[in-house]
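One structure is given here, and the rest of the page talks about it.
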2 protein chains.
Amino acid sequence: MSEEPVGGDLSRLRQLNASAVLRELRGDQPLTLTELSKRTGLSRASTEDVARDLLGRGWLAEVAPASGSVGRPARRYRFNAGAGRLLGVDIGGHKALALVTDLDGKVLNQTRITVDPEAGRRERLAAMDRCVAKALAGAGVEAGQIWSTGVATTGLVDGSGKVMLSDSLPEWSGVDLAAHVRRLVPGPVRVENDCKLAALAETWHGVARYAKDVVFLLAGLRTGAGLIIDGKLHRGFANWSGEIGALPAAGWLRAPEHLTSWLEGTAASPSAPVEFESVFIAARAGDQSAVQAIRDYVQDLAVGASALVLTLDPQLVVIGGGFSRSADVMVEPLRRELDRWCLRTPEIRVSAFADEGVALGAVRLALDEVEATIRTGLRP
Amino acid sequence: MSEEPVGGDLSRLRQLNASAVLRELRGDQPLTLTELSKRTGLSRASTEDVARDLLGRGWLAEVAPASGSVGRPARRYRFNAGAGRLLGVDIGGHKALALVTDLDGKVLNQTRITVDPEAGRRERLAAMDRCVAKALAGAGVEAGQIWSTGVATTGLVDGSGKVMLSDSLPEWSGVDLAAHVRRLVPGPVRVENDCKLAALAETWHGVARYAKDVVFLLAGLRTGAGLIIDGKLHRGFANWSGEIGALPAAGWLRAPEHLTSWLEGTAASPSAPVEFESVFIAARAGDQSAVQAIRDYVQDLAVGASALVLTLDPQLVVIGGGFSRSADVMVEPLRRELDRWCLRTPEIRVSAFADEGVALGAVRLALDEVEATIRTGLRP
DNA sequence: TCACGTTATCCAGGACTCCTGGATAACTAT
DNA sequence: ATAGTTATCCAGGAGTCCTGGATAACGTGA
């Protein structure tokens with residue numbers, strides 16, 4: 001139903017076999033032709049032909065042969081991640097973050113610029129531009145070398161890359177991010193919601209690598225979710241998926257207040273997200289009021305999370321977002337709450353990313369675009 | 001990620017092109033080679049070759065040429081749905097229902113047997129056997145002619161076709177339905193939950209034909225849901241998807257009580273599901289207490305439904321199950337309730353099936369199995 | 001050092017599938 | 001009848017894959 005493998009020309013067959021070879025080589029260790037041939041099911045001779053082809057086009061690179069085995073040493077190939085460059089941008093409330101990576105997602109440069117949360121559209125876009133320029137310069141990459149770009153933003157994004165609605169950022173609804181970024185870099189530009197991209201990053205290089213169905217919870221000043229279903233990012237009909245927070249019964253809107261009100265009880269102001277650490281630090285030190293605040297928070301979080309879990313029955317729940325650095329104290333209470341509601345409580349893991357997960361997801365989005373073009377014509 | 005189109009031999013290319021041709025011919029009207037060639041993108045000559053091949057194997061049938069056009073009349077082909085037979089069985093609390101269909105899902109025989117809700121495992125299985133035998137006889141089909149079989153049951157089903165858990169049917173947990181049915185018919189047998197299959201039937205021949213993301217609500221004495229995501233049935237990691245009713249906040253357990261208590265207020269006993277009609281009839285006639293009972297019911301139903309909708313953002317919500325015959329009086333209240341909670345209320349449709357939807361979904365499950373074998377070798 | 005086994009690479013030859021383009025067939029319209 | 005139109009049939013050629021054999025490169029043991 002979804003993506004019917006379509007037939008066609010003989011060249012189409014070559015394309016399929018070439019992507020099969022590339023897929024095998026996305027694993028980390030280089031492979032010999034014989035190994036490749038076994039994995040793809042192609043004959044050795046054809047594998048050789050395909051590999052020669054891909055090598056000529058720059059998709060593969062040769063690696064020094066392994067020594068120490070009997071027989072003639074085999075040439076070894078690896079995916080040439082350096083063939084192209086990807087750009088991932090996360091434009092949020094307090095910061096702009098840009099990643100320049102290779103085709104494996106290896107970060108060549110990570111640049112962060114702080115942005116005034118009150119900044120208007122013009123100012124925020126300008127900050128993003130500076131951030132991108134700095135990241136490109138830092139990686140020693142011309143804008144023209146960027147193959148594909150992904151952009152993450154809060155709020156709801158339509159298919160063409162416009163921000164439809166954003167309550168948290170001033171003057172942000174309606175901005176055509178894709179068009180704006182297309183002026184900076186060539187190649188395709190895709191825009192997506194930050195929660196969704198954070199989820200995507202987890203299945204790519206994060207803690208959800210081997211799961212097909214994943215619920216990602218963004219736990220921070222905002223609460224949100226991103227869903228991976230059958231290995232793919234689920235968007236929904238109008239890209240509104242995962243917005244369970246809209247249900248008052250879920251309690252996601254009020255959930256963070258348990259933490260902010262605890263902070264207000266202490267001296268620190270909760271304006272900067274860093275300050276939030278203190279609740280978790282206090283809880284870890286045994287402060288009962290902090291423990292209780294976190295418990296209340298998790299209790300509210302868990303109702304919505306349970307709704308997501310009961311709906312989808314995922315293999316895995318990943319906690320990310322601003323609070324995830326301190327999420328070790330959240331996991332157990334969350335598990336207990338989920339046990340209360342869910343028929344089968346999934347595994348719970350904490351994101352290993354700091355705050356670059358969203359931008360990495362944007363890179364993955366950019367890579368999706370590249371891989372789609374692989375399937376329909378191998379360009380370089 | 002999910003189903004990577006894999007390459008291979010030249011024969012693999014032929015397979016792909018053959019399935020492309022078959023896919024085009026699953027549309028209702030027969031096509032000429034020229035039309036097929038245009039739709040598949042293949043050259044005319046190759047299309048002819050593929051069609052000749054498929055015709056020889058029995059997958060296609062020739063239709064009398066259309067007259068009245070200029071030029072030489074073209075031969076026309078259609079999918080030969082009569083090449084094989086499928087069996088779909090729905091084994092529920094009150095009845096067993098078996099469908100024998102062709103490869104298009106056209107029903108050749110529909111047989112229903114009533115079963116005592118209190119019947120034990122042995123008795124229920126025996127009733128199912130009788131039902132299947134009668135359906136086969138009624139369709140004039142030998143068991144050996146059945147290519148593939150799907151079975152629907154309440155409760156949760158594991159991957160191998162065992163019922164893991166069923167609260168509603170006595171002695172039903174643990175029964176190995178697949179193994180049992182495999183003694184009746186050759187060919188693959190797959191078992192799945194009834195809500196899920198009802199959802200599948202709607203996307204196949206029901207009111208959800210053109211939607212990729214669908215929430216199906218089973219509204220009856222039991223309340224349940226089946227999810228279609230990206231055109232495919234979503235099962236979840238342990239096949240527990242859609243069980244939002246487990247969340248007390250969703251209110252699905254108590255929802256039908258609003259209707260049963262109204263019925264208890266009247267003379268009729270709510271044991272037989274037919275009696276339920278009376279609430280809806282009364283409501284349609286303007287009985288305010290009945291209208292209120294339905295409103296209360298819908299209000300409880302809508303909370304869980306909203307959770308599903310907010311999670312997935314489907315294009316469409318389909319109402320099926322025992323109450324769906326009378327669902328016209330439910331649609332408007334449901335829409336109003338969903339409007340209260342959802343960011344975007346999807347289209348709401350009522351299933352057009354009576355109670356054979358579940359069995360038809362079982363047939364679709366059987367057909368999935370057949371189509372999978374098409375992609376890896378065209379047998380007959 | 002050299003033959004030998006092992007493994008990889010290279011090189012036809014053959015089979016299959018698709019494409020192109022032209023010749024032939026069948027039907028309608030004038 | 002003849003012209004026009006569309007479908008079918010029939011090579012010939014190109015691309016891709018497979019098989020199997022010849023050659024190359026390396027380690028091992030005599």
Side-chain angles (χ1 to χ4, degrees), chain A residues 5-22 24-25 30-57 60 62-78 375-378, chain B residues 5-22 24-25 30-57 60 62-78 375-378:
Chain A
V6 74
D9 210 335
L10 285 172
S11 63
R12 168 71 179 153
L13 187 58
R14 170 52 67 92
Q15 271 172 29
L16 288 171
N17 286 330
S19 2
V21 165
L22 281 178
E24 294 303 330
L25 285 172
L31 297 176
T32 69
L33 287 178
T34 311
E35 288 164 337
L36 268 176
S37 152
K38 248 176 220 150
R39 297 197 189 199
T40 57
L42 293 176
S43 76
R44 226 210 82 96
S46 302
T47 312
E48 195 178 338
D49 204 32
V50 170
R52 189 184 8 255
D53 208 29
L54 288 172
L55 195 66
R57 292 163 188 270
L60 299 187
E62 212 174 325
V63 175
S67 61
S69 66
V70 263
R72 174 172 175 174
R75 301 163 71 182
R76 292 190 305 164
Y77 299 90
R78 62 170 178 82
R375 271 188 271 284
T376 54
L378 304 164
Chain B
V6 72
D9 209 335
L10 285 172
S11 64
R12 168 71 181 153
L13 187 58
R14 169 54 68 92
Q15 272 173 28
L16 288 170
N17 285 330
S19 1
V21 166
L22 280 178
E24 295 302 330
L25 285 173
L31 297 176
T32 70
L33 287 177
T34 312
E35 288 163 338
L36 268 177
S37 152
K38 247 177 218 150
R39 297 197 189 198
T40 57
L42 294 176
S43 77
R44 224 211 82 96
S46 303
T47 312
E48 195 178 338
D49 206 31
V50 171
R52 188 180 13 250
D53 208 29
L54 288 173
L55 194 65
R57 292 164 186 271
L60 299 187
E62 211 173 325
V63 175
S67 62
S69 68
V70 68
R72 174 174 175 173
R75 300 164 70 181
R76 293 190 303 165
Y77 299 89
R78 63 171 177 81
R375 272 188 269 285
T376 54
L378 303 166

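Everything numeric here is computed off the predicted structure, so don't read it as measured data. Note on naming: letters A, B, ... go to the chains in the order of the sequence lines (proteins, then strands), and numbering restarts at 1 for each one.
- Not counting sequence neighbours, the partners of B/Arg75 by the salt bridge (charged side-chain N to carboxylate O under 4.0 Å, His left out) test are B/Glu62.
- Rounded to an integer number of Å, the gap from CZ of B/Arg52 to P of D/dA7 is 17 Å.
- Here B/Ala74 pairs with B/Thr32 under the side-chain contact (heavy atoms from CB on, under 4.5 Å) rule; sequence neighbours left out.
- Taking atom CD of A/Glu48 as the reference point, atom P of C/dA12 lies 13 Å away to the nearest angstrom.
- Looking at residues two or more places apart in sequence or on another chain, you find no side-chain contact (heavy atoms from CB on, under 4.5 Å) involving A/Val70.
- Contacts of B/Arg52 classified as salt bridge (charged side-chain N to carboxylate O under 4.0 Å, His left out), with partners at least two apart in sequence or in another chain: B/Asp49.
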Problem - Under 4.0 Å protein heavy-atom contact, by nucleotide of nucleotides 15-25 of chain D - B base, S sugar-phosphate only - result: BBSSB----BB
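- Contacts between residues 31-39 of chain B and DNA chain D, defined by a heavy-atom separation below 4.0 Å, involve B/Leu33, B/Thr34, listed by number.
- Annotation: the terminal axes of the helix from C/dT1-D/dA30 to C/dT30-D/dA1 meet at 10°, where each axis is the rotation carrying the C1' atoms of four end pairs onto the next four (5 pairs per end, rounded to 10°).
- Taking B/Ser46 as the reference, B/Ser43 meet the side chain to side chain donor-acceptor pair (under 3.5 Å) condition, with sequence neighbours excluded.
- With sequence neighbours excluded, the residues that form a side-chain contact (heavy atoms from CB on, under 4.5 Å) with A/Leu10 are B/Leu10, B/Leu13.
- Not a single side chain to side chain donor-acceptor pair (under 3.5 Å) links A/Thr34 to another residue, sequence neighbours left out.
- For A/Glu48, the side chain to side chain donor-acceptor pair (under 3.5 Å) partners at least two apart in sequence or on another chain are A/Arg44.
- Looking at residues two or more places apart in sequence or on another chain, you find a side-chain contact (heavy atoms from CB on, under 4.5 Å) between A/Pro73 and A/Pro65.
- Checked against A/Tyr77 for a side-chain contact (heavy atoms from CB on, under 4.5 Å), the options A/Leu31, A/Leu33, A/Val21, A/Val63 give a single hit: A/Leu33.
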